[in-house]
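Note that the structure is predicted; figures quoted are calculated from it, not measured. Within every chain, numbering begins at 1; the chains are lettered A, B, ... in the order of the sequence lines, protein sequences first and strands thereafter.
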Amino acid sequence: MQTIRGFRDILPKHIPLWQKVEKEATCLFEAFGFKEIRIPILEKTELFARSIGEVTDIVEKEMYTFPDRKGDKLTLRPEATASIVRSYIQHKMYATDPVRKFFMIGPMFRRERPQKGRYRQFYQIDAEIFGVESAYIDSQLIYLLNELFKRLGLSGLSAHINSLGCPKCRPSFQKALLDFLESKKSRLCDNCTRRMDKNPLRILDCKVLDCKEAIADAPATLDCLCKECEDHFNTVKATLEKQGVDFIVDKSLVRGLDYYTRTAWEIQTTTLGAQSAVAGGGRYDGLVKELGGPQTPAIGFAIGFDRLVEVMEQIDKAPEEKPLDLFIVSLGDTAMEKGYLWSCKLNQAGIRTEMDFRGKSMKALMKRANKLNTQYVLIAGENELTENTIILRNMNTKEQVSLSLETLIPELIKILKK
RNA sequence: GUGGGUGUAGCUCAGUUGGCAGAGCGCUAGGUUGUGGUCCUGGAUGUCGAGGGUUCGAGCCCCUUCACUCACCCCA
């Protein structure tokens, strides 16, 4: 038996790093006024089809979709935004507070071919803000991401930003793009010619060399922005500059989900092979209304948690493991029983204590104590029990002291709490 | 969905022309009868990914298949 393809166990030795990231992210989110939200892993398929877009790869071929016993079509969430928007509308959150900020951390599911930094169950750290149209919020989210990566000790990441325009400027852009593509049609790859009808925007993001050359001077959304979108984007850039956040304007950055408008960005790394995006986000001013809520500007991002951890592992950012406080070496049945009772009391007092119940030799127990990286060892044998004194050995200094049996526990707590 | 690479002990990997299944680490026991790390000596652990074929004989050659992995695609 083994895990199914693209799914994996995250083993205890990797957990400290995951927890470190979670801790830093949560701390930062709270400082910026975000509240945690927890959403279901399963939703109606329709939610994702409508929000992400029917002709996207995610919806067309990557979702885990199946009928439940009553025949409803359900899908394991491939991303968080759609569910958070659904929740926002369902609970009429716009009615109680015009501005809401959420974050969540959890698994997403996409049935892609696995490779480095890409799994079928992968984790995202997600943040969304509803109700703010100002460009300062766009800057703030990029700034926040930048700050998080800085706190995690990461460098060598670059922020790529672009503006995708709004429903007002998009028609003129699409026309300009289609006219241009029509003239280059013969040079485009099969994939791109197919995309022309379905999602011409994505052609700008094609990685086939010939296509890249053919579309080198294609019209970009940036060149067709309406006045409002242009002002918005300029404010984002100017603010980031003032805050000292490095960024690259990348005309070819196109988000893969249909709902994005205006600002879109991606944080890229060079250390993960082909999976360069560790975080991505953008504005989606039309989605809340599209899904049945009131017109509400919104913006959010997702961090690829797995990828982030892999980048951190490569530069060795794992926090050091805390050593064990005490290991009880007990020799003989009486000592084992006593040791067991002591260990529970110490655990209960918050002291990390371990012992071994396999009836091993003293040498074997000392070896195990050493392996567990313990600070102290309590040696309890027949001799000690009859003499009412127990030996406490400091494993670093090799010093040993005798403790009286009557006052053992309080005495130990006193010494070990230091 | 498409291509490349790799599958041998718990882990990392050797394995020559087809001829007894190996090393290091780890685990374990002892040296030291009740004191760890270093050192020394011993021990255990294998469906050589699976199935078939060729051969007196296959870890090695051939076929099939599965898994893992990297890349394309796409994205976090």
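- Between B:U69 and B:G30, the distance separating the two C1' atoms is 43 Å to the nearest Å.
- Nucleotides B:G53 and B:A58, compared at atom C1', are 11 Å apart to the nearest Å.
- Nucleotides B:C13 and B:A71, compared at atom C1', are 25 Å apart to the nearest Å.
- The gap from the P atom of B:C11 to that of B:G52 amounts to 25 Å, rounded to the nearest Å.
- The same atom, P, is picked in B:C48 and in B:C40; the two are 33 Å apart, to the nearest Å.
- Taking atom C1' on both nucleotides, B:A9 is separated from B:A21 by 10 Å, rounded to a whole Å.
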Taking only N/O atoms, report every protein-nucleotides 65-67 of chain B pair under 3.5 Å with atom names and distance.
| from | atom 1 | to | atom 2 | distance (Å) |
| --- | --- | --- | --- | --- |
| B:A67 | O3' | A:Gln2 | NE2 | 3.1 |

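- For the pair A:Arg8 and A:Tyr119, the cation-pi test (distance below 6.0 Å, angle within 45°) is passed.
- Along RNA chain B, the nucleotide closest to A:Arg307 and the one closest to A:Pro114 are compared, and the more 5′ of them pairs with A:Pro114.
- Comparing atom distances between the A:Ala302 side chain and each of B:A76, B:C73, B:U28 picks out B:A76 as nearest.
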Next on the checklist: One character per nucleotide, please: for nucleotides 33-42 of chain B, 5' to 3', B when the base has a protein heavy atom closer than 4.0 Å, S when only the sugar-phosphate does, - otherwise.
Outcome noted: -BBBB-----
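- By the 30° and 60° cut-offs, the orientation of the rings of A:Phe29 relative to A:Phe103 is parallel.
- With a cut-off of 3.5 Å on both pairing distances, the Watson-Crick or G-U wobble partner of B:G7 is B:C66.
- Classified by interplanar angle (parallel below 30°, tilted 30° to 60°, perpendicular above 60°), the ring pair A:Phe305/A:Tyr123 is perpendicular.
- Contacts of A:Ala279 with the nucleic acid, taken as non-hydrogen atoms under 4.0 Å apart, involve only primed sugar atoms and P, OP1 or OP2.
- A distance of about 45 Å separates the C1' atoms of B:C27 and B:C73, rounded to the whole Å.
- Distances shorter than 4.0 Å separate none of the side-chain N or O atoms of A:Gln115 from OP1 or OP2 on B:C70.
- Residue A:Lys360 has no polar side-chain atom (N or O) positioned under 4.0 Å from OP1 or OP2 of B:U28.
- As rounded to the nearest Å, B:U64 and B:G4 have P atoms that lie 13 Å from one another.
- Under the rule for a salt bridge (Lys or Arg N to Asp or Glu O under 4.0 Å), the partners of A:Lys251 that lie at least two apart in sequence or sit in another chain are A:Asp223.
- At a threshold of 4.0 Å, the pair A:Lys20-A:Glu24 does not count as salt-bridged, since none of the basic side-chain nitrogens sits closer than that to a carboxylate oxygen.
- Ring-base stacking between A:Phe122 and B:A76 is satisfied, the centre separation being under 5.5 Å and the plane angle under 30°.
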